[in-house]
Number of protein chains: 2
Amino acid sequence: MTDVNFSKSPTAPDSQGAAGPVPRAGEMRWDIIELLFFAYRDFVGDADQELEAFGFGRAHHRVMHFVYRYPGLKVADLLDVLRITKQSLGRVLKQLLDEGYIIQKTGNNDRRQRLLYATPKGEALVAKLAGLQTDRITRALRDINPEGAAAISQFLRAMIDRDDPDKVLEAIFGIGSKKVRE
Amino acid sequence: MTDVNFSKSPTAPDSQGAAGPVPRAGEMRWDIIELLFFAYRDFVGDADQELEAFGFGRAHHRVMHFVYRYPGLKVADLLDVLRITKQSLGRVLKQLLDEGYIIQKTGNNDRRQRLLYATPKGEALVAKLAGLQTDRITRALRDINPEGAAAISQFLRAMIDRDDPDKVLEAIFGIGSKKVRE
DNA sequence: AAGATATGTCAACATGACTGACGTAAATTT
DNA sequence: AAATTTACGTCAGTCATGTTGACATATCTT
């Protein structure tokens with residue numbers, strides 16, 4: 001009744017419509033591709049539910065998270081990290097400023113800059129959401145030994161593009177001696 | 001110049017605006033949370049670029065992927081997997097049908113069902129996109145031994161909600177003896 | 001025959017992304 | 001000192017993808 005019919009596909013699996021060297025299906029990492037999809041879907045799903053209560057979306061979460069974690073982040077840095085346009089960021093940032101989750105401070109050296117900081121209200125929101133996600137991660141790591149955990153960390157790092165890293169990635173990869181809020 | 005000011009946050013890191021037991025910052029898995037964000041961002045970024053050339057978006061990719069991988073998937077199954085509404089799926093699915101990437105077949109036992117299959121054109125698209133993502137995964141796994149790879153797989157599986165698994169998750173977790181296209 | 005199910009469709013709307021242009025203040029370069 | 005560049009904000013318009021709720025049709029189940 002809710003069964004999927006897996007028998008005989010009407011199209012041959014080996015027929016290809018594209019030119020050039022197409023990778024063969026047998027070499028594909030379907031397993032990891034799909035696990036990443038589902039893992040990420042449920043990982044962000046934790047926060048999505050909470051955010052509804054605040055009238056916020058994922059965009060607000062991402063902004064709050066990085067502002068909290070990297071105090072004094074500039075607007076330009078945030079644009080690099082989130083890879084969205086000024087317009088998109090502007091809308092979300094304005095809401096967070098208006099509702100008192102984030103405050104701006106004029107840069108000391110460069111007065112054009114607006115350095116961003118989380119207010120206590122903003123910190124509480126970030127902590128709540130990170131708590132949910134940390135719970136999931138901790139659960140997932142429960143039966144994994146330190147070597148396994150190291151492999152997971154190494155794998156995730158290696159999945160990230162390292163050409164032209166932004167401010168936050170530099171901190172994560174320890175390129176400079178950037179300090180991050182613990 | 002593009003430096004981030006990490007010194008003295010204007011708000012105390014320990015001040016909390018929320019009631020109840022708030023997890024302390026020191027217990028948070030900021031590392032994994034952020035690695036997942038960046039890893040997934042770049043992982044889906046591979047496909048996004050290619051999709052532009054086809055005039056498609058991520059939604060089209062997700063539909064194509066699961067239809068290819070689980071031939072004969074029903075519309076209802078797809079709704080479960082993608083966790084979107086009928087409306088949203090309908091728009092995307094209609095395009096893919098109209099443009100010949102997917103075909104429908106009426107169910108054998110239940111003639112109300114529309115079983116979905118990828119056409120050769122659709123298969124080529126999925127293969128192209130999966131190839132890009134597989135390349136990234138293979139690169140990331142290059143220096144990781146089999147035990148590490150097992151830990152990664154175990155971790156990703158454990159990150160996924162197991163209550164009320166859909167058709168595809170049942171196949172992935174081998175609950176039944178579902179066959180999947182290799 | 002009545003009811004439940006699978007799918008498709010309509011209207012209306014929200015969010016978060018985009019482009020391109022323009023303005024202002026402040027820093028930097030000439 | 002003047003010209004240019006940079007950092008940021010904003011306006012107008014568009015697009016992709018998600019939402020809700022209602023309703024129609026064919027088909028299966030009871």
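Reckoned from all heavy atoms, side chains included, excluding hydrogens, waters and symmetry mates. The chains referred to below are lettered A, B, ... by the order of the sequence lines, with proteins before strands, and numbering in each begins at 1.
As judged by a 4.0 angstrom heavy-atom cut-off over every strand, B:N109 is placed among residues touching the sugar-phosphate backbone only. Residue contacts shown for A:Q104 are limited to sugar-phosphate atoms, with no base heavy atom under 4.0 Å away. Residue contacts for B:R91: at a heavy-atom cut-off of 4.0 Å it reaches a base atom on one of the strands shown. Across all strands, A:G90 comes closer than 4.0 Å to no nucleic acid atom at all (heavy-atom distances).
Contact annotation: B:T85 does not reach the phosphate of D:dG18 (side-chain N/O to OP1 or OP2, under 4.0 Å). For the OP1/OP2 pair of C:dC18 and a distance below 4.0 Å, the side-chain nitrogens and oxygens of A:R83 include no atom meeting the criterion.
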As a quick check of understanding, evaluate ring-ring contact (aromatic ring centres under 6.0 Å, His included) for B:F155 and A:F155, giving each step before the final call. CA-CA 11 Å; B:F155 169 72; A:F155 169 72; 9.5 Å; no

Is there a side chain to side chain donor-acceptor pair (under 3.5 Å) between A:E34 and B:H65 once you walk through the steps? CA-CA 9 Å; A:E34 289 173 11; B:H65 174 95; 2.8 Å; yes

List the steps, then state whether ring-ring contact (aromatic ring centres under 6.0 Å, His included) holds for B:F37 with A:F66. CA-CA 11 Å; B:F37 170 78; A:F66 286 109; 5.3 Å; yes

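Across the interface with DNA chain D, nearest-nucleotide mapping of B:V92 and B:K86 shows B:V92 to be the residue nearer the 5′ end. Both A:H60 and A:R111 sit near DNA chain C, but only A:H60 has its closest nucleotide nearer the 5' end. Mapped onto DNA chain C by nearest heavy atom, B:A76 and A:G55 fall at different nucleotides, with B:A76 at the one closer to the 5' end.
To the nearest angstrom, C1' of D:dA26 lies 13 Å from CD of B:Q113. Atom NE2 in A:H61 sits about 13 Å away from atom P in C:dG16, given to the nearest Å. D:dT10 atom P lies 14 Å from atom CG of A:L79, rounded to whole Å. D:dA16 atom C1' lies 18 Å from atom CZ of B:F54, rounded to whole Å. For the pair B:L51 CG and C:dC18 P, the interatomic distance rounds to 16 Å; values are reported in whole Å. Atom CG of B:L89 and atom P of C:dG8 are 8 Å apart (whole Å). What separates CD of A:E52 from C1' of D:dG18 is a distance of 12 Å, to the nearest Å. Residue B:I84 contributes atom CD1, which lies 16 Å from atom C1' of C:dA14 at whole-angstrom precision.
No N or O donor and acceptor, one from the side chain of B:K94 and one from the base of C:dG8, sit under 3.5 Å apart. For B:R112 against C:dT5, a side-chain N or O and a base N or O form a donor-acceptor pair under 3.5 Å. Between the side chain of B:R114 and the base of C:dT7 there is no donor-acceptor pair of N/O atoms closer than 3.5 Å.
Heavy-atom contacts from other residues, nucleotides or ligands closer than 6.0 Å to CG of A:D98 number more than 12.
Summarising the geometry, atom OG1 belonging to B:T85 is positioned 7.5 Å from atom CZ belonging to B:R91; distances are rounded to the nearest 0.5 Å.
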